Each structure stands twice: as structure tokens, then as C-alpha cells.
Amino acid sequence: MAVRAFIVEDNSAIRESLVEALAELAGIRTVGQSGNAAGAIAWLTQSGNDWDVAIVDLLLDETGTGLDVLKALRGREPGRQVVVLTATASGLVRDQCLALGCDEVFDKSMDTEALLDWCMRRAGRPAGPVVR
């Protein structure tokens with residue numbers, strides 16, 4: 001069964017690039033996406049919406065932040081994973097995300113390949129070593 005991803009990213013160009021890269025390199029099907037926290041929380045917490053991985057940016061819009069999304073997903077079903085992809089992945093931010101139940105934190109400027117490798121392993125595909 002293919003891994004199903006939901007992407008939370010306010011930049012449409014980055015969002016579309018992620019959708020393409022996930023499909024082509026990792027075989028992951030994007031089942032939904034949102035550019036804001038409110039839309040993401042509504043979709044991800046709605047009964048009946050099936051997803052395996054949520055990729056969440058932290059800096060969104062006036063409806064909330066990625067931290068709000070993480071808080072809303074704390075009680076998610078077992079097996080569903082949440083990763084953060086952000087331009088603000090300092091040690092403090094990383095610790096805060098992990099404390100809110102995030103499975104992994106990736107920096108947009110230098111960890112994009114590591115995110116794709118993580119997704120490939122999640123999808124059961126061989127991936128290169130994660131370099132950080």
C-alpha cells in the first residue's frame with residue numbers, strides 16, 4: 001500500500017515541488033494539502049481522512065502556525081507520523097517540535113534530501129544515508 005502524505009506549507013511553489021518529489025522519488029501519494037493551519041487541522045483531524053505522514057511547515061498565516069498543527073495532532077492514531085520542514089529549525093525549535101509529538105524536524109535550507117530519504121524509508125524504498 002502506498003504511503004499517503006498531507007502537506008502543510010504556505011508557499012505554493014514549495015508545496016508543489018514537494019508533491020512532485022515525494023511521488024517521483026519516494027512513491028508517496030499526496031492525499032491533501034493546505035497553506036494554512038486552520039485548513040490543515042480541519043482536514044487532518046476529520047474522521048475518515050486517511051493519511052500516513054503529515055509534513056508541516058511552522059511559519060504559516062494568521063490562522064495559526066505549524067505548532068498549532070502539532071498540538072492538534074498529539075492524539076493521532078498510532079502509525080501516523082508528523083514531520084516538520086521549516087526554515088527555522090534551530091535547536092530550541094527542534095526541541096519544542098519534538099516535545100509536541102513531532103517525529104522528526106528537517107531544515108528547508110539543508111535537510112531536503114534527508115526528508116526525502118526519511119520518506120523513502122517510510123515507503124519501504126532504499127534510501128541513502130541521512131546526512132545532517
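Quantities reported herein were computed from a predicted structural model and do not represent experimental measurements.
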Under 3.5 Å, side chain of [X] to main-chain N/O of [Y], donor-acceptor pair present?
X: Thr86; Y: Ala89; result: no
X: Arg76; Y: Leu73; result: yes
X: Arg94; Y: Val105; result: yes
X: Thr30; Y: Gly32; result: no

Which atom names give the shortest non-hydrogen contact between [X] and [Y], and what distance separates them?
X: Thr63; Y: Ala38; answer: OG1-N, 3.3 Å
X: Leu60; Y: Gly35; answer: CD2-O, 4.2 Å
X: Arg80; Y: Leu44; answer: NH1-O, 4.4 Å
X: Ala21; Y: Leu116; answer: CB-CD2, 4.0 Å
X: Gly27; Y: Ala2; answer: O-CB, 4.2 Å
X: Ile28; Y: Ala5; answer: CG2-CB, 3.6 Å

Report task. Give the ring-plane orientation class for Trp118 versus Phe106, where under 30° counts as parallel, over 60° as perpendicular and anything between as tilted. Result -> perpendicular
Are the side chains of [Y] and [X] in contact, using a 4.5 Å heavy-atom criterion?
X: Leu58; Y: Leu67; value: yes
X: Val84; Y: Glu104; value: no
X: Ile7; Y: Val19; value: yes
X: Asp117; Y: Arg121; value: yes
X: Phe6; Y: Val69; value: no
X: Gln33; Y: Val8; value: no
X: Asp68; Y: Ile41; value: yes

Look up atom [atom1] in [X] and atom [atom2] in [Y], then write down how far apart they are to the nearest 0.5 Å.
X: Asn11; Y: Leu18; atom1: CG; atom2: CG; value: 10.0 Å
X: Asp52; Y: Glu77; atom1: CG; atom2: CD; value: 10.0 Å
X: Leu22; Y: Arg4; atom1: CG; atom2: CZ; value: 14.5 Å
X: Asn36; Y: Thr65; atom1: CG; atom2: OG1; value: 11.5 Å

Query raised in the report: When you check the gap from the basic side-chain N to the acidic O, do Arg122 and Asp103 get nearer than 4.0 Å?
Result: no
Query raised in the report: So, Asp57 and Lys108, do they make that salt bridge, N to O below 4.0 Å?
Result: yes
Report task. Under the side chain to side chain contact (heavy atoms under 4.5 Å, CB included) rule, what do Glu16 and Glu9 come out as? Steps first, then yes or no, please. Result -> CA-CA 10 Å; Glu16 292 308 314; Glu9 168 63 58; over 6 Å; no
Requested in this report: Evaluate the side chain to side chain contact (heavy atoms under 4.5 Å, CB included) criterion for residues Val83 and Leu115: first the C-alpha distance (whole Å), next the side-chain angles of each, then the deciding distance (0.1 Å), finally the verdict.
Outcome: CA-CA 9 Å; Val83 298; Leu115 168 67; 4.0 Å; yes
**Report entry** Test log, rule side chain to side chain contact (heavy atoms under 4.5 Å, CB included), inputs Asp107 and Thr112
**Finding:** CA-CA 7 Å; Asp107 188 302; Thr112 306; over 6 Å; no
Query raised in the report: For Leu70 and Cys97, what are the C-alpha separation, side-chain angles and deciding distance, and is it a side chain to side chain contact (heavy atoms under 4.5 Å, CB included)?
Result: CA-CA 7 Å; Leu70 295 180; Cys97 291; 3.9 Å; yes
